[in-house]
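Below is one structure, written out as structure tokens, with a few remarks after it.
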Amino acid sequence: MTITATPSPTPAATTAHLRSTELEHRIARDPARFRVLTGDRPTGPLHLGHHFGTLRNRVRLQDLGVEVFVLIADYQVLTDRDTAERLQEYTDGLLLDYLALGIDPARSTVFNHSAVPALNQLLLPFLSLVSVAELGRNPTVKDEIAHSRQSAVSGLMYTYPVHQAADILFCKGNVVPVGQDQLPHLELTRTIARRFNERYGNLFPEPEALLSAAPLLLGTDGTKMSKSRANSIPLGATADETARLIRGATTDADRHITYAPETRPGVSSLVLLAALCLDRDPHEVAAEIGGGGAAALKRTVTEAVNSHLAPVRARRAEYAADLTYVRSVLRAGNERAAALAERTLEEVREAMGTFR
């Protein structure tokens with residue numbers, strides 16, 4: 001489901017979706033063959049868009065038996081920011097959300113960039129495998145540069161698709177959950193893996209894209225829900241805070257509630273949010289509200305969200321009361337990731353004929 005009109009898929013997009021569907025079948029048949037790399041930048045609280053867009057899928061893959069690596073990309077905070085402010089607070093918040101939503105430290109590895117130096121050392125040989133022109137053509141980088149809050153583009157912003165390749169390949173990840181807009185990043189990772197293998201010997205898998213079928217939720221102002229736009233509903237919000245945020249959400253003047261994403265994006269996003277929390281069809285939810293208007297819609301959404309998040313909030317509060325344990329999860333994940341990165345870097349050095 002989506003809440004915006006979508007153009008007819010291009011041949012490339014159709015092919016990507018077919019490959020993703022086939023990949024889902026292979027994962028279901030033999031999940032132990034697959035290793036997933038995914039993650040978040042610690043730039044603010046995670047919100048409902050993250051929950052329905054990516055976090056539930058990570059838990060699903062973990063529960064299927066896929067080995068999951070979750071990266072807290074603290075170095076990548078600096079791609080479009082001058083400083084990494086409130087880093088400890090935001091990192092703790094990510095950990096609390098991960099654990100509350102079902103990430104199991106016994107089955108998934110949570111780690112951060114800055115604690116795995118061998119991972120970051122892979123950036124240098126990987127940069128030698130791509131041209132400046134290839135970096136400049138990446139459409140996702142172009143868009144992020146255009147929306148950057150910095151007065152000048154840093155080298156990290158320009159090269160961070162290569163850094164993402166190091167994130168994926170250090171653990172020899174072979175599956176990466178992505179949205180359609182992230183396919184160019186993953187294609188560059190596949191190119192780097194292929195070129196390294198051709199030049200130095202077969203070492204890295206060419207990771208495949210597991211395309212997200214998650215719905216797009218709008219923020220309370222009617223634009224894309226985002227940590228940086230102050231329009232999200234954080235997972236860590238209280239029930240009262242959630243109610244206040246939903247009361248302020250954008251709707252329209254038509255009192256009769258319908259689910260029509262193309263023509264009524266604000267209303268439809270709220271209907272969809274309720275439907276996701278209730279595990280129901282959005283058309284049915286809209287029909288039940290009918291002529292109740294925006295007030296009835298927002299009451300329905302508030303009740304659905306707060307009911308859905310109640311057990312998550314309870315678990316989150318339990319973990320928040322023991323930050324020593326929460327941070328130990330990250331330390332243990334950092335140790336596992338660092339050991340794996342060291343082995344991979346050693347293999348790279350041997351393949352390239354370099355010395356320690």
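Model, not experiment: these values are computed from the prediction.
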Full working for side chain to side chain contact (heavy atoms under 4.5 Å, CB included) between Leu71 and Phe111: CA-CA 5 Å; Leu71 167 64; Phe111 68 101; 3.4 Å; yes
Ser268 (side chain) donor-acceptor with Ala260 (main chain) under 3.5 angstrom: yes
Shared hydrophobic cluster, Ile289 / Leu276 (ILVMFWY, side-chain heavy atoms < 4.5 Å): yes
Leu245 side chain near Pro234 side chain, heavy-atom distance below 4.5 Å: yes
Verdict with reasoning, Leu95 to Leu323, per side chain to side chain contact (heavy atoms under 4.5 Å, CB included): CA-CA 10 Å; Leu95 289 165; Leu323 283 179; over 6 Å; no
Within-4.5 Å side-chain heavy-atom neighbours: Val116 and Leu340: no
Glu206 with Arg19: basic N within carboxylate O range, under 4.0 Å: no
Aromatic plane relationship, Tyr325 with Tyr319 - under 30° parallel, 30 to 60° tilted, over 60° perpendicular: parallel
Qualifying residue for side chain to side chain contact (heavy atoms under 4.5 Å, CB included) with Ser20, from Val178, Leu211, Val175: Leu211
Leu127 side, atom CG; Leu135 side, atom CG - distance, nearest 0.5 Å: 7.0 Å
Arg313 side chain to Thr242 side chain, donor-acceptor N/O pair below 3.5 angstrom: yes
Pairwise distance OG1(Thr54) to CG(Asp40) - rounded to 0.5 angstrom: 5.5 Å
Side chain Arg255, main chain Gly291, donor-acceptor under 3.5 Å: yes
same_hphob_cluster(Val162, Val132) at 4.5 Å side-chain heavy-atom cutoff: yes
Phe196 side chain near Val348 side chain, heavy-atom distance below 4.5 Å: yes
Pairs touching residues 105-114 that satisfy side-chain hydrogen bond (donor to acceptor under 3.5 Å, both in side chains), sequence neighbours left out: Gln62-Ser108, Asp63-Arg107, Asp74-Ser114, Asp104-Arg107, Thr109-Arg336, Asn112-Asn334, His113-Asp167
Value rounded to 0.5 Å, distance of CG in Leu169 from CG in Asn174: 10.5 Å
Tyr98 with Tyr90, same ILVMFWY side-chain cluster at under 4.5 Å: no
Test salt bridge (charged side-chain N to carboxylate O under 4.0 Å, His left out) applied to Asp92 and Arg316, Arg327, Arg86, the passing residue: Arg327
Any donor-acceptor N/O pair, Ser307 side chain to Ala304 backbone, under 3.5 Å: no
Non-hydrogen side-chain atoms of Leu210 and Ile27 separated by less than 4.5 Å: yes
Any donor-acceptor pair under 3.5 Å from Asp281 side chain to Ala275 backbone: no
Non-hydrogen side-chain atoms of Val130 and Arg195 separated by less than 4.5 Å: yes
Phe204 side chain reached by Ile192 side chain, heavy atoms, under 4.5 Å: no
For the student: nearest non-hydrogen atoms of Ser232 and Met225, plus distance: CB-CG, 3.5 Å
Exercise: identify the closest heavy-atom pair between Thr344 and Lys172: OG1-CE, 4.4 Å
Heavy-atom closest pair, residues Val66 and Phe34: CG1-O, 3.5 Å
Separation of Arg58 CZ from Leu101 CG (nearest 0.5 Å): 10.0 Å
Nearest-0.5 Å distance, CZ of residue Arg264 to CG of residue Asp252: 4.0 Å
Criterion salt bridge (Lys or Arg N to Asp or Glu O under 4.0 Å) on Glu187 and Arg137, from CA distance to verdict: CA-CA 12 Å; Glu187 191 55 43; Arg137 285 196 299 267; over 6 Å; no
Sole residue of Ile103, Leu94, Leu99 in side chain to side chain contact (heavy atoms under 4.5 Å, CB included) with Val110: Ile103
Side-chain touch Pro207/Leu37, heavy atoms, less than 4.5 angstrom: no
Asn57 vs Thr38 side-chain heavy atoms within contact, under 4.5 Å: no
Glu22 side, atom CD; Leu18 side, atom CG - distance, nearest 0.5 Å: 10.0 Å
Residues Glu347 and Arg343 bridged, charged N to O under 4.0 Å: no
Charged N-O contact under 4.0 Å between Glu241 and Arg244: no
Salt bridge Glu208-Arg33, side-chain N to carboxylate O under 4.0 Å: no
Least distance between heavy atoms, Thr300 atom then Ala274 atom: CG2-CB, 4.4 Å
Distance-only polar pair, side chains of Asp240 and Thr238, donor-acceptor under 3.5 Å: no
Within 6.0 angstrom of Asp322 CG, more than 12 heavy atoms from elsewhere: yes
Non-hydrogen atoms of Phe170 and Leu119 that approach each other most closely: CD2-CD1, 3.6 Å
Crowding at CD, Glu350 (>12 non-hydrogen neighbours, <6.0 Å): no
Residue pair Val312, Leu235: steps toward the side chain to side chain contact (heavy atoms under 4.5 Å, CB included) verdict: CA-CA 8 Å; Val312 176; Leu235 294 175; 5.7 Å; no
Nearest non-hydrogen partners of Tyr259 and Ala286, listed with the distance: N-CB, 3.7 Å
Test salt bridge (Lys or Arg N to Asp or Glu O under 4.0 Å) applied to Glu335 and Arg331, step by step: CA-CA 6 Å; Glu335 290 174 4; Arg331 284 197 299 274; over 6 Å; no
